[in-house]
Amino acid sequence: LQPPDVVAALNRKLSPAVRVTAAAVVPSSFDARRSASARHYRYLIDEGWVHDPLLRHVAFHVEPRLDLRAMAEATEALVGEHDFRAFCRRVPGTSAADPLPRRVMAASWRVEPRSSAHPGASRLLRMDISANAFCHQMVRSIVGQLVAIGQGKAEVSSVERLLAAGSRVGAAQPAPGHGLCLVAVDYDGF
């Protein structure tokens with residue numbers, strides 16, 4: 001089979017929630033997880049008094065009004081190489097003292113345009129984050145902390161404090177999984 005045939009065959013078998021956009025012939029030493037150079041996630045927040053029913057499966061509903069400027073400021077502290085133990089669920093069999101270094105290449109927030117056909121539409125907030133690797137519940141834990149900041153329940157400096165402490169003590173609960181989507185994986189040379 002040629003790569004375009006593989007893409008078509010996989011998409012016929014996969015659920016509509018998962019799509020293959022490209023395929024390539026790779027050496028036998030290739031490992032889909034370990035050969036990745038970057039992963040890109042997106043998290044959506046439906047901010048409004050009433051949850052938009054069209055977004056119920058793909059966005060975390062939060063009542064308004066989040067301080068997006070404070071959330072964006074706190075997000076800046078994530079960029080770079082840090083020990084992300086404070087934002088990760090510990091893997092069984094590992095010690096809480098084991099560092100979890102990750103390099104976040106980019107992290108940002110934006111307000112997505114909404115259709116004017118939906119009167120009274122709430123804001124749809126979008127966080128994009130890219131890193132060399134992510135640990136379990138990392139993005140959800142980060143978003144949970146940033147929402148707490150946006151609600152005024154945590155200080156902007158709490159992100160830096162948690163990164164420095166390497167502990168979840170005092171961290172917000174992780175945001176729910178239904179707002180999270182893996183949008184791309186990069187492989188050098190492909």
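All values below were derived from every heavy atom in this structure, side-chain atoms included, with hydrogens, water molecules and symmetry-related copies excluded.
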For residues [X] and [Y]: do they belong to one hydrophobic cluster (side chain heavy atoms under 4.5 Å, members Ile, Leu, Val, Met, Phe, Trp, Tyr)?
X      : Y      : result
Val18  : Val6   : yes
Phe134 : Leu100 : no
Ile142 : Val79  : yes
Val62  : Val111 : yes

[X] side chain to [Y] backbone, donor-acceptor under 3.5 Å:
X      : Y      : value
Asp128 : Ser108 : no
Asp83  : Pro101 : no
Ser158 : Glu155 : yes
Ser141 : Gln137 : yes
Ser37  : Asp186 : yes

Go through the steps to decide whether Thr21 and Val7 satisfy the test side-chain contact (heavy atoms from CB on, under 4.5 Å), and finish with yes or no.
-> CA-CA 7 Å; Thr21 59; Val7 169; over 6 Å; no
Let me check something: any side-chain donor-acceptor pairs from residues 68-77 under 3.5 Å, sequence neighbours excluded? List them with distances.
from, atom 1, to, atom 2, distance (Å)
Thr75, OG1, Met71, O, 2.7
Thr75, OG1, Trp109, NE1, 3.0

Interatomic spacing from [atom1] in [X] to [atom2] in [Y] - rounded to 0.5 Å:
X      : Y      : atom1 : atom2 : answer
Met105 : Ser130 : CE    : OG    : 6.0 Å
Gln145 : Leu78  : CD    : CG    : 10.0 Å
Asp46  : Asp52  : CG    : CG    : 5.5 Å

Heavy atoms, side chains only, cut-off 4.5 Å: are [X] and [Y] in contact?
X      : Y      : result
Val139 : Phe87  : no
Gln151 : Leu66  : yes
Arg65  : Glu47  : yes
Arg42  : Arg126 : yes
Cys135 : Arg89  : no
Met138 : Cys88  : yes

Going by the salt bridge (charged side-chain N to carboxylate O under 4.0 Å, His left out) test, which pairs reach into residues 15-36, not counting sequence neighbours?
-> Asp31-Arg34
Please test Ile129 against Val143 for side-chain contact (heavy atoms from CB on, under 4.5 Å), starting from the C-alpha separation and ending with a verdict.
-> CA-CA 10 Å; Ile129 185 166; Val143 171; over 6 Å; no
Does CD in Glu160 sit with more than 12 non-hydrogen atoms of other residues, nucleotides or ligands closer than 6.0 Å?
->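 No, the 6.0 Å shell around CD holds no more than 12 heavy atoms from other groups.
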Out of Leu124, Leu55, Leu125, which one pairs with Ile45 under the side chain to side chain contact (heavy atoms under 4.5 Å, CB included) rule?
->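 That would be Leu125; it is the only one of Leu124, Leu55, Leu125 passing the side chain to side chain contact (heavy atoms under 4.5 Å, CB included) with Ile45.
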Report, one line per pair, each donor and acceptor closer than 3.5 Å where one atom sits in a side chain of residues 161-182; sequence neighbours left out.
from, atom 1, to, atom 2, distance (Å)
Ser167, OG, Val169, N, 3.2
Arg168, NH1, Ala86, O, 2.7
Arg168, NH2, Ala172, O, 2.9
His178, NE2, Ala59, O, 3.1

Is the gap between the ring centers of Tyr187 and Phe30 under 6.0 Å?
-> yes
side-chain contact (heavy atoms from CB on, under 4.5 Å) between Arg56 and His51, worked out = CA-CA 7 Å; Arg56 72 186 181 281; His51 196 329; 4.0 Å; yes
Val147 vs Phe60, side-chain contact (heavy atoms from CB on, under 4.5 Å): CA-CA, chis, key distance, verdict | CA-CA 10 Å; Val147 166; Phe60 172 31; 4.3 Å; yes
